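Inspection log for the structure reproduced underneath, given as structure tokens.
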Amino acid sequence: MNAPLFPAGQAWPDDFAAALLDPARPAPAGLTSWNGSDPAQRFAVYRNNVTVSLIDALADTFPVVQALVGVDFFRAMAREFVRAAPPASPVLAGYGDEFPAFVAGFAPAAGVPYLADVARLEYARVLVFHAADATPVAADAVAALLAEPATLPGLAVRFVPACSLLRSRWAIASLWAAHQTDDAAGDLSRIDPAAPENALVCRRGLDVEVRALAAGDAAFVAALMGGASLGEAIALGAGEPGFDLAGALGLLLAADAIAGFTPAGEGEQR
Amino acid sequence: MSQNLSRQASAAALALALGAALVAAPAAAADAAKEKCYGVAMKGKNDCKAGAGTSCAGTSVRDHQGNAWSYVPAGTCEKTASPTSPTGMGQLKEFKEKKA
Amino acid sequence: MASSHRAPPRGPFAAVPASALPASAGLGLKPEHFLDILATRPALGFFEIHAENYMVPGGPFHHYLGRIRADHALSVHGVGLSIGGAGPLDEAHLDRLAVLLDRYAPESFSEHLAWSSHGERYFNDLLPAPYNAATLAAVCAHIDRVQERLGRRMLLENPSTYVEFVASDIDEPVFLSEIVRRTGCGLLLDVNNLYVSCTNHGRDPYAELERLPLAAVGEIHLAGFAHALDSRGAPLLIDSHGAPVAQAVWTLYDAALMLTGPVATLIERDNDIPAFAVLCAEAMEAGRRIAALNETAMPA
């Protein structure tokens, strides 16, 4: 059952597959048509379907990247990516994980240095959208912790799967948010792209929400996501500007980011 | 907040902060809940349609490695400020097209 | 090769119908229509999903599918199994399918006579295979494995194709009939694909229809195509799923229904998706044709 139907290198399927994403290759041999029309022109339908459908999948995942550089530029860049890194899995929801790194190294886009980090934010939104369901911690469970304040610094936070943090040297949260309104251009002119920003991306109910975090809050959350105790994370957060402990905890609770609290060292790290 | 917080101080601060966060979180959640009357924006990416038929997207050969680039403004990135870059942030380089 | 498509299906699941969908009209389920469907609870026979879109851990897609499935019959239609491929089946993908089918217990599972993966690459298109003894054996072995792993019969869909192979020496109706006979799978008769492929290869769709294994049809697909031309100026139809069903395809559908009897029929739309009410109206048109068949088939 697993034996190849044709020896390697024969026209079908090796040449057929190789020619789909490489326009420099001739159409595969062994194709025919009923009326003597050019099989290569007919084969081009498949080339287009493969290329266009994968570019469309990227355009669905990266709409803000597309808006930033324009449809023509985006599709030309995406086409190079599709040819260089076609999907390995038939589940296209996850396609594009390598796209931000590709954008970062894509010379014609070098004048838009924040583009790759905006792509990272958009990819994180897709992952969070499809992440496993989990019940966020109940308010009374949090309230119960307050009965024993001495244990609080030693607790670690268990995050829900549908939550991730991006730390960037660019204003990714503001750039992304500006494209969610009807007047992207007006909002963009008020943004300094070179202002570092951090984005907490969490699914609350059925909606993926993006929240900007100050550097200190982001350092605090990043430490917690790495498995640090609350006490350890406070020290890390306090080392950077803009740390507001109550604000950061309130943000995590409001974002439904927290699944529960466990004694540090006993919980799963993520 | 100082980095030299004692464990007790940290415990007290945490208790205060968690208490405040608990009070604040439901209000923030209710705010966000108001904005939810749109549908599901995310699409399914697997389907069995044929894309653009006989357009040239699958066959055209373009190459960005050329050296005859010209600058072309393209999308909303043109609108972003560029205080530090002499060429301006949001400048894209045009693809050089080769005849296949 | 003898085509004995009227013979009863063989295989371990032969006693179970390949499809338990109601003989009425259905629509493809699109996220942009989730809320409309829940608000209006339309009187459709079933919804169909592309399996791969729901191979994600959680989130809104599963939330809405679970709620919609509670009200409607469900067809799971795979697009990524690459049954017509030269390599082995992707067992990890089969595992994902098994999880999905266990979770939603659909009335039907179907896939394509096509390939979409080769080596480590997934091409996201339904690609053609030569039809000969070697490919027939491979496709049948793949379907045997799918049915064994999933513990159920599947439907196999006839493809839209744009090229033919010098290496083919079996025609499509005989190839499909042999697959059905050997594996016991059912046929998902895509009437648009039949029309598109026959046009693209200079064949008569009505003559070809009569030679398909029609006793095994468990579902029909209808869709719209796009027009192009081959290098000699002959029509080359593209299976775009981006337009209403063409009049010629409705007429061919009527002829198919006369031969199959009432059967579950899906309107497929994947491009330029209109408002839900527009698709519902197209499904109602299919439903009227199925109902008319029931009336004319009544003995006097």
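So that the names make sense, note that chain A is the first sequence line, chain B the second, and so on, each numbered from 1. Please read all numbers here as calculations on a predicted model, not as lab measurements.
Residue contact with chain B, scored on non-hydrogen atoms closer than 4.5 Å, involves the backbone of A:Ala150 exclusively. Looking at A:Ala143, both its backbone and its side chain come within 4.5 Å of chain B, counting heavy atoms on both sides. With a threshold of 4.5 angstrom between heavy atoms, A:Val82 does not approach chain B through any atom at all. If you measure heavy-atom distances from A:Pro90 to chain B, the contacts under 4.5 Å come from the backbone alone. Both the backbone and the side chain of A:Val142 have a heavy atom closer than 4.5 Å to some heavy atom of chain B.
In this view, A:Ala219 and A:Arg167, A:Glu240 satisfy the side chain to side chain contact (heavy atoms under 4.5 Å, CB included) rule, not counting sequence neighbours. Residues forming a ring pair (Phe, Tyr, Trp, His ring centres under 6.0 Å) with A:Phe43 (at least two apart in sequence, or on another chain): A:Phe16.
For the options A:Leu251, A:Thr61, A:Leu21, A:Thr151, heavy-atom pairs under 4.5 Å to chain B are most numerous at A:Thr61.
Summarising the geometry, atom CG belonging to A:Leu253 is positioned 7.0 Å from atom CG belonging to B:Leu18; distances are rounded to the nearest 0.5 Å. The CG atom of B:Asp47 sits 8.5 Å away from atom CG of A:Leu92, with the distance rounded to the nearest 0.5 Å. For the atom pair CG of B:Leu14 and CD1 of A:Ile234, the computed distance is 3.5 Å after rounding to the nearest 0.5 Å.
B:Thr76 is not listed as a side-chain neighbour of A:Leu175, based on a closest heavy-atom distance of 4.5 Å or more.
The neighbour count for A:Arg169 CZ, taken as heavy atoms of other residues, nucleotides or ligands under 6.0 Å away, does not exceed 12.
The nearest pair of heavy atoms linking B:Cys77 to A:Val69 is SG-CA, 4.4 Å. Across all their heavy atoms, B:Met42 and A:Arg125 have their closest contact at CE-O, 4.3 Å.
Salt-bridge formation is not detected for the pair B:Lys45/A:Asp60: no Lys NZ or Arg NE/NH1/NH2 atom is positioned less than 4.0 Å from an Asp or Glu carboxylate oxygen.
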